[in-house]
A.B. asks: 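First, the structure itself, so that you have it in front of you.
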Amino acid sequence: MSSAYLLDWLSMAFRWLHVLAAIAWIGSSLKYVWVDNNLRKPPQWKADKGIKGDVWVIHGGGIYEFQKYELAPERMPEVLHWVKWESYTTWLSGFLLVSVIYYSQASTYLMPVDGVFTASWQAVAAGIGFLASTLLIYEILIRTPIVTKGAIFAVVMSLVFLGLSYIAFQLFSPRAAALHVGAAIGTIMSGNVFFGIVPAQKAFMRAIESGQQPNAATAAFAKQRSLHNNYFTLAVVLLMISNHYPIVYSHELGWVLIVAIGVLSAYIRHFFNLKNQGVTKPQILVIAGALIVALVVLAAPKSNVEAASVDSSVESSVALNENPAMVIVNTHCSGCHAVQPSNPAFAAPPAGIVIENESHVRALADRIRSVSVDSKYMPLGNLTGMTQEERDTLGQWLESY
């Protein structure tokens with residue numbers, strides 16, 4: 001068995017585990033924030049027991065009651081569930097997935113053509129350092145007074161992510177850069193659980209076991225970290241699947257686009273958080289929607305196909321009745337997208353897409369144009385050195401379909 005074949009299986013296994021763990025973690029995170037935002041003042045007899053609020057839900061054929069104590073209940077239950085392993089499993093499986101796809105094949109997927117790195121290990125070290133540095137910056141900021149000022153902290157974090165995104169796009173290939181920004185946010189979220197939420201919960205339990213009153217400030221800080229994770233959620237999910245959408249990260253301002261979309265997704269999340277507290281502000285959705293439409297319009301690719309010129313080598317090919325566009329396809333596409341790829345990095349055509357003859361190109365004309373002419377995402381990392389002139393020639397030919 002080839003290494004490429006084994007890497008494909010490892011990639012699928014870690015991606016599967018990562019998605020399952022992420023669903024469990026994000027689902028429980030969104031649920032508990034929803035419960036917290038929907039808590040209503042309880043009747044007096046519950047308040048006398050130290051209950052801060054409750055919420056009633058019908059689901060799965062029954063009625064459920066969630067109630068939250070101000071601090072500790074009168075008597076601890078025999079079984080107390082901790083929500084932490086979903087977070088740890090999500091991060092670990094995600095890091096293993098990045099390692100299998102990007103770090104073990106750094107020269108193919110991580111390092112850009114003519115980039116700053118001369119060796120794979122340098123790019124891998126930069127990737128790991130990028131994740132660690134982002135977590136360090138966040139942990140410093142969250143311990144400053146601005147964390148108590150929600151709007152200011154949101155603006156500061158947005159600017160931080162914009163700067164980090166710019167750095168990522170300078171260091172890594174566009175696809176890897178977008179994914180590393182997402183992985184950095186995921187690292188912050190998992191760090192919130194590991195460095196803040198779980199230690200606060202353990203301190204809470206120690207206080208109860210020793211007969212002392214739990215520290216309300218520590219518990220409130222842990223809740224704030226949980227709320228930050230709630231706002232990060234939509235952005236991190238988008239960035240984790242961003243490798244499917246080169247229209248965003250392959251744009252010349254891709255580093256701005258992914259942050260802008262992430263900020264707008266957090267803004268949309270804010271609408272739902274307020275709504276769950278009984279505050280409805282539809283203007284948030286209107287503003288966010290308008291800004292997203294504006295991004296789509298501003299980021300639209302500007303094609304130069306109409307101005308494409310055919311060079312002498314292409315003219316000679318035409319003279320020989322050889323389709324110049326197919327020469328380009330065979331040079332830059334078929335090495336990977338063939339029944340038996342000649343590129344040693346692939347044991348099978350990526351995504352199952354085969355482009356070996358004109359009929360294949362005709363069937364995939366729109367897709368080929370999108371990734372190789374409009375977004376310039378393909379060839380991956382432009383390892384084959386496809387020129388702008390070749391892209392224009394290919395695009396002009398594809399317009400005929």
A.B. asks: Output yes when a side-chain donor or acceptor of Thr148 lies under 3.5 Å from a complementary backbone atom of Pro145, and no otherwise.
C.D. replies: yes
A.B. asks: Please tell me if the side chains of His228 and Val147 come closer than 4.5 Å, counting only heavy atoms from C-beta onward.
C.D. replies: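 In short, these two side chains touch, coming nearer than 4.5 Å.
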A.B. asks: Parallel, tilted or perpendicular: which fits the ring planes of Tyr64 and His59, with parallel below 30° and perpendicular above 60°?
C.D. replies: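 If you compare the ring of Tyr64 with that of His59, the planes turn out tilted.
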A.B. asks: Where do Trp25 and Met189 land on the side chain to side chain contact (heavy atoms under 4.5 Å, CB included) test, with the steps shown first?
C.D. replies: CA-CA 11 Å; Trp25 179 25; Met189 294 173 67; 3.5 Å; yes
A.B. asks: When rounded to the nearest 0.5 angstrom, what distance separates CD1 in Ile328 from CZ in Arg391?
C.D. replies: 10.5 Å
A.B. asks: Aromatic rings Phe130 and Phe172: how do their planes relate, parallel, tilted or perpendicular, breaks at 30° and 60°?
C.D. replies: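 Answer is perpendicular, since the angle exceeds 60°.
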A.B. asks: What are the two closest non-hydrogen atoms of Ala260 and Leu295, and how far apart are they?
C.D. replies: CB-CD1, 3.8 Å
A.B. asks: Check the orientation of Tyr103 and His180. Use parallel for under 30°, tilted for 30 to 60°, and perpendicular for over 60°.
C.D. replies: tilted
A.B. asks: Quick check: do Tyr69 and Glu74 have side-chain heavy atoms less than 4.5 Å from each other?
C.D. replies: no
A.B. asks: Is the backbone N or O of Phe161 less than 3.5 Å from a side-chain atom of Ser165, with the two atoms forming a donor-acceptor pair by type?
C.D. replies: no
A.B. asks: If the condition is salt bridge (Lys or Arg N to Asp or Glu O under 4.0 Å), which residues does Asp36 pass it with, not counting sequence neighbours?
C.D. replies: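 Counting only residues at least two positions away or on another chain, Asp36 forms a salt bridge (Lys or Arg N to Asp or Glu O under 4.0 Å) with Lys68, Lys223.
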A.B. asks: Which heavy atom in Pro214 sits nearest to a heavy atom in Ile208, and how many Å separate them?
C.D. replies: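 Pro214 and Ile208 have their closest heavy atoms at CG-CG1, 3.9 Å.
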A.B. asks: Do Met386 and Leu394 make a side-chain contact, defined as non-hydrogen atoms from C-beta onward lying under 4.5 Å apart?
C.D. replies: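 They are in side-chain contact.
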A.B. asks: When rounded to the nearest 0.5 angstrom, what distance separates CD1 in Ile197 from CG in Asn229?
C.D. replies: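 Rounded to the nearest 0.5 Å, the CD1-CG separation comes out at 5.5 Å.
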A.B. asks: Are any of the side-chain heavy atoms of Arg269 and Phe232 separated by less than 4.5 Å?
C.D. replies: no
A.B. asks: Any idea which heavy atoms bring Ser158 and Val263 closest together, and the distance?
C.D. replies: OG-CG2, 3.5 Å
A.B. asks: In chain order, what residues pass the salt bridge (Lys or Arg N to Asp or Glu O under 4.0 Å) check against Lys49, with sequence neighbours excluded?
C.D. replies: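 Scan of Lys49 (salt bridge (Lys or Arg N to Asp or Glu O under 4.0 Å), adjacent residues dropped) gives none.
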A.B. asks: Would you tell me whether Gln122 and Thr118 have side-chain atoms, one donor and one acceptor, within less than 3.5 Å of each other?
C.D. replies: yes
A.B. asks: Could you tell me if Gln277 and Asn273 have a donor-acceptor pair between their side chains, going purely by distance under 3.5 Å?
C.D. replies: no
A.B. asks: Does the pair Thr331 and Thr384 meet the rule for a side chain to side chain contact (heavy atoms under 4.5 Å, CB included), with working shown?
C.D. replies: CA-CA 8 Å; Thr331 301; Thr384 59; 5.6 Å; no
A.B. asks: So, do Arg175 and Tyr102 sit near enough that their side-chain heavy atoms are less than 4.5 Å apart?
C.D. replies: yes
A.B. asks: Under a 4.5 Å cut-off applied to non-hydrogen side-chain atoms, are Leu30 and Asn230 in contact?
C.D. replies: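 Touching, per the 4.5 Å side-chain cut-off.
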A.B. asks: Is it the case that over 12 heavy atoms from other parts of the model lie below 6.0 angstrom from the NZ atom of Lys281?
C.D. replies: no
A.B. asks: Please tell me if the side chains of Met205 and Leu80 come closer than 4.5 Å, counting only heavy atoms from C-beta onward.
C.D. replies: yes
A.B. asks: What I want to check is whether the side chains of Asp392 and Gln396 have a donor and an acceptor closer together than 3.5 Å.
C.D. replies: no
A.B. asks: Between Leu171 and Phe117, what is the shortest heavy-atom contact and its length?
C.D. replies: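 Taking Leu171 first and Phe117 second, the nearest heavy atoms are O-CE1, 3.1 Å.
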A.B. asks: Just jot down the side chain to side chain donor-acceptor pair (under 3.5 Å) partners of Ser107, sequence neighbours excluded, or say none.
C.D. replies: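 Residues passing side chain to side chain donor-acceptor pair (under 3.5 Å) with Ser107: none at all.
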A.B. asks: Where is the tightest heavy-atom contact between Leu239 and Ala178, given as atom of each residue plus distance?
C.D. replies: CD2-O, 3.9 Å
A.B. asks: So does Thr90 get a backbone contact from the side chain of Ser93, meaning a donor-acceptor N/O pair under 3.5 Å?
C.D. replies: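 Pair found, side chain donor or acceptor close to backbone of Thr90.
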A.B. asks: Backbone N or O of Arg206 within a donor-acceptor pair of the Ser210 side chain at under 3.5 Å?
C.D. replies: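 The answer is yes, because a donor-acceptor pair under 3.5 Å joins these two groups.
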A.B. asks: For the residue pair Phe95 and Trp91, does the interplanar ring angle fall in the parallel (under 30°), tilted (30 to 60°) or perpendicular (over 60°) class?
C.D. replies: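 Judged by the thresholds at 30° and 60°, the geometry between Phe95 and Trp91 is parallel.
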A.B. asks: Where is the tightest heavy-atom contact between Ala47 and Pro42, given as atom of each residue plus distance?
C.D. replies: N-CG, 4.3 Å
A.B. asks: Looking just at side-chain N and O atoms, do Tyr138 and Asn192 make a donor-acceptor pair shorter than 3.5 Å?
C.D. replies: yes
A.B. asks: Could you walk me through whether Tyr166 and Val256 pass the side chain to side chain contact (heavy atoms under 4.5 Å, CB included) check?
C.D. replies: CA-CA 8 Å; Tyr166 177 79; Val256 176; over 6 Å; no
A.B. asks: Any sub-3.5 Å donor-acceptor pair from Thr387's side-chain atoms to Glu390's backbone N or O?
C.D. replies: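 Answer holds: yes.
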A.B. asks: Take Glu139 and Arg225, measure what salt bridge (charged side-chain N to carboxylate O under 4.0 Å, His left out) needs, and give me the verdict at the end.
C.D. replies: CA-CA 10 Å; Glu139 287 296 326; Arg225 284 180 178 266; 2.9 Å; yes
A.B. asks: Answer yes or no: is there a side-chain heavy-atom contact under 4.5 Å between Asn357 and Val361?
C.D. replies: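 They are not in side-chain contact.
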